[in-house]
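The basis for the numbers below is simple: all heavy atoms, side chains too, and nothing from hydrogens, waters or symmetry mates.
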Amino acid sequence: MPRMTAARAAVEILKREGVSNAFGVPGAAINPFYAALKASGGVQHTLARHVEGASHMAEGYTRAKAGNIGVCIGTSGPAGTDMITGLYSAIADSIPILCITGQAPTAVLHKEDFQAVDIASIAKPVTKAATTVLEAAQVPGVFQQAFHLMRTGRPGPVLIDLPIDVQLTEIEFDPELYEPLPVYKPAATRKQIERAVEMLNASERPLLVAGGGIINADASELLVEFAELTGVPVVPTLMGWGILPDDHELNAGMVGLQTSHRYGNANFLESDFVLGIGNRWANRHTGKLDVYTRGRTFVHVDIEPTQLGKIFAPDLGIASDAKAALTLFVEVARELKAAGKLQDRSVWAASTQERKATLQRRTHFDNVPLKPQRVYEEMNRAFGPETRYVTTIGLSQIAGAQMLHVYRPRHWINCGQAGPLGWTIPAALGVATADPEGTVVALSGDYDFQFMLEELAVGAQHRIPYVHVLVNNSYLGLIRQAQRNFDIDFQVNLEFENLNSPELGVYGVDHVKVVEGLGCKAIRVTEPDQLLPAFEEAKKLAAEFRVPVVVEAILERVTNIAMSGTDIASVNEFEDIATDPSHAPTATRPLTVS
């Protein structure tokens with residue numbers, strides 16, 4: 001049997017599990033693993049500037065393509081604790097990433113050795129498994145189990161902690177004999193699906209709620225086929241956005257308190273039956289449950305059995321992988337359609353599109369400073385259906401979800417549940433690494449942008465091009481808007497007069513200088529007619545120089561974006577709604593004025 005270090009065995013397993021890219025920061029306790037990474041070859045490594053950034057790069061890499069598993073690497077102490085935020089956002093959104101940490105020697109783990117910390121205990125609540133490996137011979141089995149766990153059931157992250165002496169110990173291991181463990185995913189039965197379709201068929205105004213689990217299962221085409229067979233309109237969740245194109249005749253719009261469409265909420269409130277697949281009934285989607293559930297029958301399909309009934313009790317719950325369930329849904333629907341037993345949904349579907357044509361938000365404003373709505377309007381013009389958008393949290397994300405258009409799965413890559421500031425830049429780098437020839441466009445407010453802007457240097461060093469739209473109002477905009485309920489405007493104002501850039505007025509940080517100092521390109525826009533040319537120039541610069549290109553839009557200081565604090569029936573629009581087609585010129589359906 002061949003002999004090699006446990007670290008080398010771990011690297012060989014990574015390759016046989018399909019890993020081709022890793023993101024991390026070397027350190028003393030993980031250096032044996034890095035030595036094995038170099039000696040083995042075959043895994044491209046991207047050096048991050050912050051270890052939290054490496055974890056978010058791994059997330060973006062996973063989210064960009066079905067089957068990808070991003071890997072992040074660092075030491076156990078400050079590096080491992082830095083990566084906890086990435087593990088949290090990954091488990092919250094059912095994203096498999098593997099975090100590998102280097103630990104102090106086993107003999108001194110209890111002696112307060114330098115940078116020794118019980119990272120496995122810290123990580124347990126935000127991983128599917130977190131293990132400090134104390135015996136070198138167990139390393140192959142622990143890595144094999146890690147990939148099995150990440151892919152089995154509801155996907156999620158795993159952490160493996162390797163003491164330095166364990167990494168260096170030679171073990172017997174033959175990579176040629178290694179095989180991944182079979183993956184288990186629960187599957188619906190024919191009887192369960194028949195009952196769900198029977199309930200759907202008995203309703204008058206049904207909707208399909210399509211969640212991120214459908215994208216994780218790579219089952220978007222099946223969802224679209226089922227919707228088209230039955231004629232049932234679809235509500236994508238924020239994590240499921242892109243499962244079917246925004247301009248599809250059965251796309252009924254998004255629902256929720258914040259990242260929703262006027263017509264989406266209106267369509268949902270008219271429904272009497274909801275079939276949710278691969279979704280978790282997130283609170284920003286549902287709002288108050290009595291409003292959301294009143295007068296509706298619910299069927300819920302989820303890969304995690306304990307998710308069924310967690311938020312509210314469905315009328316029927318089915319534990320199943322989305323692809324397995326949708327395969328049966330399509331099969332049953334085809335048979336019923338061939339037998340002429342499916343209801344005609346054309347009138348109901350047409351009514352959802354009528355609301356889509358009449359209930360729109362205004363995007364066209366000529367104001368200076370810019371209103372953010374105009375930024376998204378021009379983004380719709382500049383970036384086509386192939387664009388992958390990447391964003392995390394804030395008014396920028398909420399307004400983007402209300403006004404941008406997404407046409408394909410994995411083209412809205414969003415940190416949905418955790419929403420950590422700083423996520424967007426490293427995640428976009430991970431996405432662009434996974435899709436180096438694709439069009440990747442990140443969206444940030446100024447505070448999210450400032451949290452981890454040092455990671456732009458990673459894009460410059462490793463030649464990772466993408467376009468980053470930065471909407472700058474020098475405010476914590478979402479928190480300021482939430483503080484209206486407390487009649488305060490406290491500790492959310494980022495304005496100051498920059499002594500080195502007086503032309504900015506009170507907008508403070510000179511992002512153009514910072515971005516250029518990090519080796520990237522930047523364009524500042526102050527007037528609406530400059531936006532589209534700036535986006536076009538940014539695409540050219542990214543293609544020419546192969547670096548991130550930032551387009552900074554200087555916004556009005558205060559804008560209140562449509563949202564509700566309570567329920568989907570009482571969204572406060574704040575701004576004037578669209579009353580003329582010229583108010584929303586990039587809407588997927590031209591505004592109809594009644």
Between Leu395 and Met563, does the side-chain contact (heavy atoms from CB on, under 4.5 Å) criterion hold? Intermediate values first, please.
CA-CA 10 Å; Leu395 286 186; Met563 68 179 70; 3.8 Å; yes
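- Within 6.0 Å of NZ on Lys65 lie no more than 12 heavy atoms contributed by other residues, nucleotides or ligands.
- Salt bridge Arg410/Asp435: absent, no basic N to carboxylate O contact under 4.0 Å.
- Closest approach of Ala92 to Ala418, counting heavy atoms only: CB-N, 4.4 Å.
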Dump the intermediate steps for side-chain contact (heavy atoms from CB on, under 4.5 Å) on Lys521 and Val547, then the final yes or no. CA-CA 7 Å; Lys521 293 289 186 179; Val547 297; 4.3 Å; yes
Test log, rule side-chain hydrogen bond (donor to acceptor under 3.5 Å, both in side chains), inputs Tyr61 and Ser20: CA-CA 11 Å; Tyr61 182 83; Ser20 59; 3.1 Å; yes
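- No side-chain donor-acceptor contact under 3.5 Å links Trp241 and Asn414.
- Tyr407 and His248 share no donor-acceptor pair across their side chains, judged by distance under 3.5 Å alone.
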Run the side-chain contact (heavy atoms from CB on, under 4.5 Å) check on Val551 and Leu470 step by step: do they pass?
CA-CA 6 Å; Val551 179; Leu470 164 60; over 6 Å; no
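- Atom-to-atom distance recorded for Thr392:OG1 and Trp423:CH2 is 6.0 Å, nearest 0.5 angstrom.
- Taking CD from Glu503 and CG from Asn498, the interatomic distance works out to 8.0 Å, rounded to the nearest 0.5 Å.
- Nearest approach of Pro32 to Ala28, heavy atoms of both residues: CD-O, 4.1 Å.
- Residues Glu52 and His56 bring a donor and an acceptor atom of their side chains to less than 3.5 Å of each other.
- Looking at Thr152 and Lys185, their side chains never bring a donor and an acceptor atom within 3.5 Å of each other.
- Ion pairing between Lys539 and Glu536 holds under the 4.0 Å rule for side-chain N and carboxylate O.
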Take Lys356 and Asp247 through the salt bridge (Lys or Arg N to Asp or Glu O under 4.0 Å) test and state the conclusion after the steps.
CA-CA 10 Å; Lys356 194 172 191 176; Asp247 59 358; over 6 Å; no
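- Of all heavy-atom pairs spanning Met57 and Ala48, the tightest one is CE-CB, 3.8 Å.
- Geometric assessment of Arg362 against the ring of Phe365 yields a positive cation-pi assignment under the 6.0 Å and 45° thresholds.
- Atom NZ of Lys371 has more than 12 neighbouring heavy atoms from other residues, nucleotides or ligands inside a 6.0 Å radius.
- With no hydrogens or angles considered, no side-chain donor-acceptor pair links Thr439 and Tyr389 at under 3.5 Å.
- For Asp448 and Thr424, the side-chain atoms include at least one donor-acceptor pair closer than 3.5 Å.
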Run the numbers on Asp366 and Arg374 for salt bridge (Lys or Arg N to Asp or Glu O under 4.0 Å), then give the verdict.
CA-CA 8 Å; Asp366 292 324; Arg374 181 65 181 270; 2.8 Å; yes
task = Determine, step by step, whether Gln402 and Thr363 satisfy the side-chain contact (heavy atoms from CB on, under 4.5 Å) criterion, reporting the C-alpha distance in whole Å, the side-chain angles of both residues, the deciding distance to 0.1 Å, and the verdict.
result = CA-CA 10 Å; Gln402 292 178 8; Thr363 61; over 6 Å; no
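- A donor-acceptor pair shorter than 3.5 Å can be found between the side chains of Gln461 and Arg49.
- Nearest heavy-atom pair, Ala322 versus Ile277, reported as atom, atom and distance to 0.1 Å: CB-CG2, 4.1 Å.
- Considering Val509, Leu443, Val515 as possible partners of Phe449, the one that fulfils the side-chain contact (heavy atoms from CB on, under 4.5 Å) test is Val515.
- Between the side chains of Gln373 and His364, no donor N or O sits under 3.5 Å from an acceptor N or O.
- Inspection of the Asp161 and Thr101 side chains reveals an N or O donor paired with an N or O acceptor under 3.5 Å.
- In this structure, a donor-acceptor pair under 3.5 Å is present between the side chains of Asn472 and Glu552.
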Run Glu556 and Asn367 through side-chain hydrogen bond (donor to acceptor under 3.5 Å, both in side chains) and show every step you take. CA-CA 8 Å; Glu556 61 185 7; Asn367 302 50; 4.9 Å; no
Could you walk me through whether Glu377 and Arg381 pass the salt bridge (Lys or Arg N to Asp or Glu O under 4.0 Å) check?
CA-CA 7 Å; Glu377 177 184 306; Arg381 288 194 174 98; 2.8 Å; yes
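- Atom CZ of residue Phe23 and atom CG of residue Leu429 lie 8.5 Å apart, to the nearest 0.5 angstrom.
- Between atom CG of residue Leu14 and atom OG of residue Ser40 there is a gap of 9.0 Å, rounded to the nearest 0.5 Å.
- Under 3.5 Å, the side chains of Asn473 and Arg480 contain no donor-acceptor pair of N or O atoms.
- Annotation: the span from Ile554 atom CD1 to Ser474 atom OG amounts to 9.0 Å, rounded to 0.5 Å.
- The two residues Arg546 and Glu437 have their closest heavy-atom pair at NH2-OE2, 3.7 Å.
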query: Hey, mind stepping through His511 and Gln450 against side-chain hydrogen bond (donor to acceptor under 3.5 Å, both in side chains) and telling me if it holds?
result: CA-CA 9 Å; His511 295 110; Gln450 290 173 19; 3.1 Å; yes
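- Using modelled atom types and a 3.5 Å distance limit, the side chains of Tyr475 and Glu495 yield no donor-acceptor pair.
- For the residue pair His411 and Thr387, no side-chain donor N or O sits within less than 3.5 Å of a side-chain acceptor on the partner.
- Surrounding CD of Glu221 are at most 12 heavy atoms belonging to other residues, nucleotides or ligands under 6.0 Å away.
- Open room surrounds OH on Tyr447; 12 or fewer heavy atoms of other groups in view lie less than 6.0 Å from it.
- One distance of note links CD1 of Ile398 with OG1 of Thr391; it measures 10.0 Å at 0.5 Å rounding.
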(message) Could you go through Arg16 and Glu12, starting from their C-alpha distance and side-chain angles, then the distance that decides it, and tell me whether this counts as salt bridge (Lys or Arg N to Asp or Glu O under 4.0 Å)?
(response) CA-CA 6 Å; Arg16 281 156 181 79; Glu12 295 299 330; 2.9 Å; yes
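- The two residues Leu404 and Tyr376 have their closest heavy-atom pair at CD2-O, 3.7 Å.
- The shortest side-chain heavy-atom distance between Glu59 and Ile413 does not fall under the 4.5 Å cut-off.
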